[in-house]
Amino acid sequence: MGEEQWCLAVPRREAEETRRRLLEEGLLDRRFRPRPEGDAVLFPVTEEVLGAVRCEFEAVPERLVLPRHELVGGIAIMQENDPEGAERLLASRPSLDTVLFPETAVEGEYRTRRFAVLAGVPSTRTRVTEYGHSFDVDLSLAYFSARLSTERQRVLGAMEEGERVLDMFAGVGPFAITLAGKAGFVVAADLNPAAVHLLIENIALNRAGNVIPMLADAAHLPRLGFAPFDRVVMNLPLAAPEFLPAAAALCRDGGTIHLYALEEQEGEYLPLIREVTRGEVVERQVRTYSPGKWHAVYDIVMEK
Ligand SMILES: C[S@@+](CC[C@H](N)C(=O)[O-])C[C@H]1O[C@@H](n2cnc3c(N)ncnc32)[C@H](O)[C@@H]1O
């Protein structure tokens with residue numbers, strides 16, 4: 001079952017006049033694209049607007065079922081390869097530019113997917129706004145998931161002012177730039193040159209001058225002679241445990257590592273974590289990944 005959206009179905013001959021009046025009254029988004037359906041044109045509206053205007057206009061309320069999708073800025077990623085559903089989705093959401101369908105799973109070292117464009121502007125690039133920050137992303141070139149926005153705020157909330165932070169797998173910078181709000185500085189590393197290009201653009205976009213971008217393999221970071229960090233973010237769920245010894249070497253005693261991992265059993269990574277610290281470890285489920293598998297985060301206090 002997809003998501004539902006209320007619409008006003010207006011006879012075609014009334015459509016232009018209705019559009020003008022709804023715009024004048026501020027009840028319709030200016031980016032609205034009319035979508036003819038039979039003899040009518042469908043205007044997407046909220047339930048409140050529907051209640052307010054249905055008596056005034058020669059209009060019938062309709063409930064459209066929209067295909068399941070995930071929103072990333074102006075892009076909707078659909079779960080089904082359904083071009084007709086994609087057109088409906090595009091018409092119902094004025095803020096959308098493009099509807100994509102992932103042709104592959106998230107794959108490779110850079111954790112990217114290949115997409116087919118189902119509707120709209122043929123591009124995988126968009127701008128995402130998250131808690132007052134803006135991130136330019138290109139979904140086919142670099143990883144980005146809007147689903148971790150709450151998690152980034154949680155980590156920010158756990159920080160003290162002025163911390164030295166390392167983001168080992170920074171992507172286009174959502175953790176690094178969010179945490180920069182409280183940090184003294186953030187070193188943000190990624191192996192993917194396209195991700196680092198976007199990271200640099202995002203540092204400028206958000207004026208986050210205390211984020212230091214690095215094109216680097218996280219495995220080499222311990223050899224670069226950094227002073228120990230107060231906090232290390234490890235967001236590479238499939239392989240982060242491999243890099244835990246490197247993170248432990250880079251984190252000060254009493255500092256915190258946030259290890260994101262994909263697991264099938266609660267506490268799966270505890271034995272590995274116990275090899276690097278005697279400190280407190282708190283595990284949380286971030287979200288379900290697939291049946292029987294979930295993304296977990298371990299907040300690890302370093303005590304060597
Ligand atoms: C799951 S993504 C997370 C990106 C970002 N933290 C976010 O939340 O959007 C993991 C990132 O790690 C990068 N990566 C993979 N292997 C790496 C390595 N050995 N060293 C540094 N970065 C790596 C990938 O290019 C990818 O951008």
Side-chain angles (χ1 to χ4, degrees), residues 70-73 75 77 102 104-114 124-131 133-156 165-180 183 186-203 205-206 208 211-224 226 229 231-247 249-250 257-263 286-287 289-290 293-298:
E70 177 191 341
L71 285 177
V72 181
I75 293 179
I77 304 172
T104 63
V106 174
E107 61 185 12
E109 251 183 340
Y110 298 165
R111 312 308 299 143
T112 49
R113 286 186 278 186
R114 214 178 48 239
T124 49
R125 191 172 166 126
T126 188
R127 181 167 291 180
V128 179
T129 308
E130 188 181 291
Y131 290 95
H133 290 113
S134 298
F135 303 113
D136 279 348
V137 307
D138 189 325
L139 296 173
S140 60
L141 295 181
Y143 177 94
F144 181 84
S145 171
R147 290 182 185 157
L148 288 176
S149 58
T150 318
E151 185 53 24
R152 298 190 247 278
Q153 293 301 311
R154 184 187 74 82
V155 175
L156 179 69
V165 177
L166 170 64
D167 185 354
M168 290 175 85
F169 311 104
V172 306
F175 268 101
I177 291 168
T178 301
L179 304 189
V186 183
V187 173
D190 202 286
L191 192 63
N192 175 359
V196 177
H197 271 289
L198 286 158
L199 167 64
I200 292 168
E201 286 180 30
N202 288 330
I203 290 171
L205 190 62
N206 293 281
V211 177
I212 302 151
M214 276 187 83
L215 177 63
D217 184 331
H220 296 150
L221 297 176
R223 284 190 256 144
L224 297 181
F226 289 115
F229 291 90
R231 194 171 297 273
V232 177
V233 177
M234 303 180 68
N235 179 25
L236 179 62
L238 275 181
E242 280 173 39
F243 292 86
L244 188 57
L250 286 156
I257 298 175
H258 302 281
L259 169 78
Y260 294 85
L262 206 54
E263 64 182 17
V286 179
R287 65 182 176 101
Y289 182 76
S290 58
K293 257 193 186 175
W294 61 88
H295 269 145
V297 57
Y298 290 87

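Note that ligands are numbered from 1 as they come in the structure, with each ligand's atoms numbered from 1 the same way. For reference, positions follow the sequence shown, starting with 1.
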If you measure from [atom1] on [X] to [atom2] on [Y], what distance do you get to the nearest 0.5 Å?
X	Y	atom1	atom2	value
Phe135	Thr129	CZ	OG1	9.0 Å
Leu215	His197	CG	NE2	8.5 Å
Tyr298	Leu259	OH	CG	7.5 Å

### Parallel, tilted or perpendicular: ring planes of Phe169 versus Phe243, cut at 30 and 60 degrees
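Plane angle over 60°, so perpendicular.
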#### Entry: Between Glu151 and Tyr260, a side-chain donor and acceptor under 3.5 Å
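Present: a donor and an acceptor within the cut-off.
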### Query
Any luck finding a side-chain donor-acceptor pair between Asp136 and Ser134 under 3.5 Å?
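Result is no, nothing qualifies.
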Which pairs of N or O atoms, one from ligand 1 and one from the protein, are separated by less than 3.5 Å, and what is the distance for each pair?
from     : atom 1 : to     : atom 2 : distance (Å)
ligand 1 : 6 (N)  : Phe169 : O      : 2.8
ligand 1 : 6 (N)  : Asn235 : ND2    : 3.1
ligand 1 : 8 (O)  : Arg152 : NH1    : 3.4
ligand 1 : 8 (O)  : Asn235 : ND2    : 2.8
ligand 1 : 19 (N) : Asp217 : OD1    : 3.0
ligand 1 : 20 (N) : Ala218 : N      : 2.8
ligand 1 : 22 (N) : Leu191 : N      : 3.2
ligand 1 : 25 (O) : Asp190 : OD1    : 2.7
ligand 1 : 27 (O) : Asp190 : OD1    : 3.4
ligand 1 : 27 (O) : Asp190 : OD2    : 2.7

